[in-house]
Every structure is written in structure tokens, then in C-alpha cells.
Amino acid sequence: MKTNSIEHQIAQLLRDGHSAEQIISIINLPADQGISLYRDYIAQRKLQQLRASNQHNQAAYAMSLGR
């Protein structure tokens, strides 16, 4: 549960515009652990954006077939 809470904190701090270094110092984790969590969050976010883009493209294609 603590990791999920930390990931939530990282997400909020990123939305607020903090840098990776600021986030690591704010959440008070060892640097390697903070960097790892930060990278994991970024990778997950990119994957979510890719999925959303793919779903949008598929929906647009399906709609174009129906015209």
C-alpha cells in the first residue's frame, strides 16, 4: 500500500510541475528507489497515452467505415 501512495504522490508532484530531483527530495526516498518509481510512472503514463491514442484511431476508423 505504501508504494501505491508514493506513486500517487509522484503523479501529483509531476502534475504540479516538479522536476525528478525535486520529487525525490520531497518524497524522502533513497535516490535509486525514487528514480525507479519516477521512471515506472513515466513508462505507465506513456503506455496509457498510447492505448488511448490507439483506441481513438480505431474508433475513428470504425466510424469512417460506417459512412
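All of these numbers come straight from a predicted model, not from anything done at the bench.
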- prompt: Considering only heavy atoms from C-beta outward, does the side chain of Leu13 approach that of Gln22 to under 4.5 Å?
  reply: no
query: Any donor-acceptor pair under 3.5 Å linking the side chain of Ser53 with the backbone of Leu50?
result: no
Any Ile42 side-chain heavy atom under 4.5 Å of Leu14 side chain: yes
- prompt: Nearest 0.5 Å, what's the OH-NE2 distance between Tyr61 and His56?
  reply: 15.0 Å
message: Assess, by modelled atom type and distance only, whether the side chains of Arg15 and Gln12 contain a donor and an acceptor separated by less than 3.5 Å.
response: yes
